[in-house]
Amino acid sequence: NDLEELAEQIDRDATAVAFTGAGISAPSGVPTFRGDDGVWEKFDEGQFTYGRFQRDPEGFWDDRVDLQRELFGGEYEPNAAHEALASMGQDGHLEAILTQNTDGLHEDALESVRDDASATDDVTATDGVAATDDATTGTSEPTLLELHGNSRRVRCVDCGKRVDGDPIVERAADGELPPTCDCGGVYKPDVVLFGEQLPGAVIQQARTLARKSDVFLAIGSSLVVEPAASLPRIAASNGATVGIVNLESTPVDSSAEVVIREDVTEVLPHLQSLVNAD
Ligand code: OAD
């Protein structure tokens, strides 16, 4: 079947790249953006534009506190889909994970797979020396690109310092509007806002990875905003096999060889087990 063919191709040393959206974190409880329960049903995108941040940082932050609580108020954990991608990356079957999500759950999953690998090494290492590097463990590290930034952090617009976002959001909630850095600069969530350009180097790297991929998997994204809409098309036009895993149809389905309309937490662990079984 389709998934088996994808697994076979990935196993034949193909360069595989995963591209993810809010749908991969939905089973962890993180709300998606579009759809009936989506964030944009409750909030107006216009409140969170870059233009508003520049014009009215006080009002922006006042609203952002509510959005931040809605989006990231819970203690979210990576789910089986994040874990399957992380394991495939560590097994050398996935070159990169590109994500539009700012929830940090791919990083958490990679960290936990890393911890598991080094715990195993601790047990098997000889001479009492834990084997931790790639050469001795046989593990590899996929590239993780967070295209829209990371909501757990804030960044000072003047000095560029990045710090943990939670205490800063708390300060804003307590009335420090807008919250500012020691240098006097205003903090901005370390994410790409509407109307703000994606960093050039990041988008360039994403395009390069899409171009060189043999298998490009678009997972849990409506694929309607840029660069989500164009990355799978770039991959397809450079000869990659494009697979889409999403509950709903997307505008890119017609460019994909494989379209699977099932839950990510079913499909990705299954794919991982097929790749490992080959
Ligand atoms: P969307 O909310 O637009 O799309 C999420 C997709 O995931 C939908 O098509 C759902 O059908 C699908 N989905 C939900 N749960 C799923 C599951 N368990 N298994 C499989 N599919 C599932 O989110 P994105 O495409 O990520 O930008 O949105 C892209 C960008 O638009 C976001 O990064 C954000 C937003 O405005 C910024 O904040 C800059």
Side-chain angles (χ1 to χ4, degrees), residues 2-3 18-53 60 63-64 66-68 70-72 76-85 97-106 144-155 165 188-199 202-203 206 216-233 243-253 256 258-272:
D2 283 348
L3 206 57
F19 174 72
T20 69
I24 196 169
S25 294
S28 294
V30 183
T32 59
F33 292 95
R34 296 173 183 81
D36 290 345
D37 292 328
V39 170
W40 302 138
E41 290 296 309
K42 298 186 187 153
F43 292 88
D44 176 1
E45 292 181 25
Q47 292 172 291
F48 303 104
T49 62
Y50 189 49
R52 173 150 194 237
F53 172 77
F60 172 93
D63 291 337
R64 179 77 194 184
D66 295 335
L67 178 71
Q68 194 88 10
E70 170 77 17
L71 264 177
F72 305 110
Y76 301 120
E77 308 251 330
N79 60 53
H82 297 103
E83 281 158 13
L85 291 184
I97 301 169
L98 317 182
T99 188
Q100 300 169 90
N101 300 343
T102 65
D103 54 33
L105 292 180
H106 284 298
L144 174 63
L145 275 192
E146 291 176 320
L147 295 169
H148 291 166
N150 191 314
S151 289
R152 293 175 179 176
R153 295 186 309 250
V154 295
R155 182 170 181 274
K188 175 182 162 295
D190 196 13
V191 298
V192 176
L193 300 174
F194 291 105
E196 191 179 6
Q197 295 277 347
L198 266 69
V202 173
I203 184 72
F216 187 93
L217 302 174
I219 300 158
S221 174
S222 56
L223 302 177
V224 293
V225 299
E226 285 300 332
S230 59
L231 287 173
R233 292 195 172 99
I244 293 181
V245 183
N246 205 58
L247 287 179
E248 299 166 340
S249 65
T250 80
V252 187
D253 288 2
V258 176
V259 177
I260 302 172
R261 295 228 177 101
E262 286 170 46
D263 193 298
V264 290
T265 56
E266 300 290 329
V267 180
L268 294 178
H270 190 188
L271 178 66
Q272 187 208 347

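Indexing begins at 1, ligand by ligand and atom by atom, following the structure's order.
- Of all protein heavy atoms, the one lying nearest to atom 15 (N) of ligand 1 is A26 CB, 3.6 Å.
- Listed for the N246 side chain is no donor-acceptor partner under 3.5 Å among the backbone atoms of I219.
- Shown in contact with P27 at under 4.0 Å from a heavy atom are these atoms of ligand 1, numbered in order with element: 18 (N).
- We find that E196 and K188 are joined by a salt bridge, their nearest charged nitrogen and carboxylate oxygen being less than 4.0 Å apart.
- For the residue pair T265 and N79, no side-chain donor N or O sits within less than 3.5 Å of a side-chain acceptor on the partner.
- Looking only at distances, no side-chain donor or acceptor of R155 sits under 3.5 Å from a matching main-chain atom of D190.
- Without hydrogens or angle criteria, D44 side chain to G46 main chain gives a donor-acceptor distance under 3.5 Å.
- Checked for salt-bridge contact, R261 and D253 meet the test: a charged N lies under 4.0 Å from a carboxylate O.
- Among protein heavy atoms, the minimum distance from atom 9 (O) of ligand 1 is reached at N246 ND2, 2.8 Å.
- Closest to atom 19 (N) of ligand 1 among all protein heavy atoms lies V264 N, 3.0 Å.
- Taking 4.5 Å as the limit, some side-chain heavy atom of L147 sits within range of a side-chain heavy atom of L231.
- When only non-hydrogen protein atoms are considered, atom 30 (C) of ligand 1 lies nearest to V225 CG2, 3.7 Å.
- The protein non-hydrogen atom at the shortest distance from atom 18 (N) of ligand 1 is D263 OD2, 3.2 Å.
- Looking only at heavy atoms of the protein, atom 33 (O) of ligand 1 is closest to H148 ND1, 2.9 Å.
- Comparing R34, E45, E266, Q100 by heavy-atom distance to atom 31 (O) of ligand 1, the nearest is R34.
- In terms of polar-atom proximity, defined here as any N/O pair under 3.5 Å, V192 makes no such contact with ligand 1.
- Contact annotation: for T265 versus ligand 1, there are no heavy atoms closer than 4.0 Å.
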(Q) Test side-chain contact (heavy atoms from CB on, under 4.5 Å) on F33 and V225; report intermediate values, then the result. (A) CA-CA 11 Å; F33 292 95; V225 299; over 6 Å; no
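- Compare G23, S222, G220, G21 by their heavy atoms: the one nearest to atom 1 (P) of ligand 1 is in S222.
- The shortest heavy-atom distance from E262 to ligand 1 is under 4.0 Å.
- The contact set between ligand 1 and A22, taken as ligand atoms under 4.0 Å from a residue heavy atom, comprises 23 (O), 24 (P), 26 (O).
- Inter-residue side-chain proximity for L198 and H148 is flagged as met; some heavy-atom pair is nearer than 4.5 Å.
- Atoms of ligand 1 found under 4.0 Å from any heavy atom of F194 (numbered from 1 in listed order, with element): 36 (O).
- Nearest to atom 25 (O) of ligand 1 among the protein's heavy atoms is S221 OG, 2.7 Å.
- Closest to atom 21 (N) of ligand 1, if we only count protein heavy atoms, is L247 N, 3.2 Å.
- Ring geometry, H82 versus H106: the interplanar angle exceeds 60°, so the pair is classed perpendicular (tilted spans 30 to 60°).
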